[in-house]
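Below: the structure, in structure tokens.
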Amino acid sequence: MLVGAVGTASALGCTGQTRDWAYKTKQDLVDLRSGPRTSCDATGLLLRGTTVNLEYGVLKSDGVWYYVTPETGVHKGTQGWIRTDAIAW
């Protein structure tokens, strides 16, 4: 189930929207994952306070996941998935 598209959702075919949904991670270490499940491979590790742009979200059995693009830190520009409980709203 898709959860309200946020910012630029190019994967959904949306165009012409600005990406202005930047948030920070709130946990000390956050796994950036290849898919929206804890069983998916971790492709990077984000530190607390990493700024991420939310692209879109999906609802899974283990929570809401967002496809994000980190804007700061060593994984800047590397897209992946993080669970909503890792985001400082």
Side-chain angles (χ1 to χ4, degrees):
M1 169 187 269
L2 185 66
V3 176
V6 180
T8 302
S10 58
L12 299 176
C14 299
T15 59
Q17 298 177 9
T18 59
R19 192 184 320 174
D20 58 358
W21 295 89
Y23 293 90
K24 294 189 181 290
T25 55
K26 69 177 183 180
Q27 297 171 346
D28 289 337
L29 300 172
V30 177
D31 285 322
L32 185 65
R33 296 193 177 274
S34 61
R37 294 215 180 263
T38 55
S39 60
C40 293
D41 291 337
T43 58
L45 196 59
L46 306 179
L47 301 176
R48 178 190 298 267
T50 299
T51 300
V52 294
N53 280 320
L54 307 183
E55 306 294 342
Y56 59 92
V58 295
L59 177 61
K60 296 291 185 175
S61 61
D62 61 346
V64 176
W65 289 79
Y66 284 97
Y67 190 68
V68 301
T69 304
E71 294 297 321
T72 60
V74 297
H75 295 291
K76 180 179 179 179
T78 304
Q79 294 181 315
W81 293 88
I82 61 175
R83 202 164 57 190
T84 190
D85 58 356
I87 300 169
W89 300 100

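In this chain, residues are counted from 1 in sequence order.
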For this session: Go through Val68 and Trp21 one step at a time and tell me if the side-chain contact (heavy atoms from CB on, under 4.5 Å) criterion holds.
Result: CA-CA 10 Å; Val68 301; Trp21 295 89; over 6 Å; no
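- In the model, Ser39 has no side-chain atom that pairs as donor or acceptor with a side-chain atom of Arg33 under 3.5 Å.
- Linking ILVMFWY side-chain heavy atoms closer than 4.5 Å, directly or via other members, places Val64 and Val52 in a single hydrophobic cluster.
- Put simply, Val74 and Trp81 are part of two different groups of oily side chains (I, L, V, M, F, W, Y) that touch within less than 4.5 Å, one to the next.
- Of all non-hydrogen atoms in Trp65 and Thr38, the two that sit nearest each other are CZ2-N, 3.6 Å.
- Residues forming a salt bridge (Lys or Arg N to Asp or Glu O under 4.0 Å) with Asp85 (at least two apart in sequence, or on another chain): Arg83.
- Using a 4.5 Å cut-off between side-chain heavy atoms of Ile, Leu, Val, Met, Phe, Trp and Tyr, with links allowed through other members, Tyr66 and Leu47 fall into different hydrophobic clusters.
- The two residues Pro36 and Lys60 have their closest heavy-atom pair at O-CG, 3.4 Å.
- For the atom pair CG (Leu29) and CZ (Arg48), the distance works out to 9.0 Å, reported to the nearest 0.5 Å.
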For this session: Show the numbers, then the answer: is there a side-chain contact (heavy atoms from CB on, under 4.5 Å) between Leu32 and Leu45?
Result: CA-CA 6 Å; Leu32 185 65; Leu45 196 59; over 6 Å; no
Problem set entry | Step-by-step side-chain contact (heavy atoms from CB on, under 4.5 Å) determination, Thr25 to Ile87 | CA-CA 5 Å; Thr25 55; Ile87 300 169; 5.8 Å; no
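- Applying the side-chain hydrogen bond (donor to acceptor under 3.5 Å, both in side chains) rule to Thr78 yields no partners; only residues at least two apart in sequence or on another chain are considered.
- The heavy-atom pair separating Ala88 from Lys26 by the smallest distance is CB-CB, 3.8 Å.
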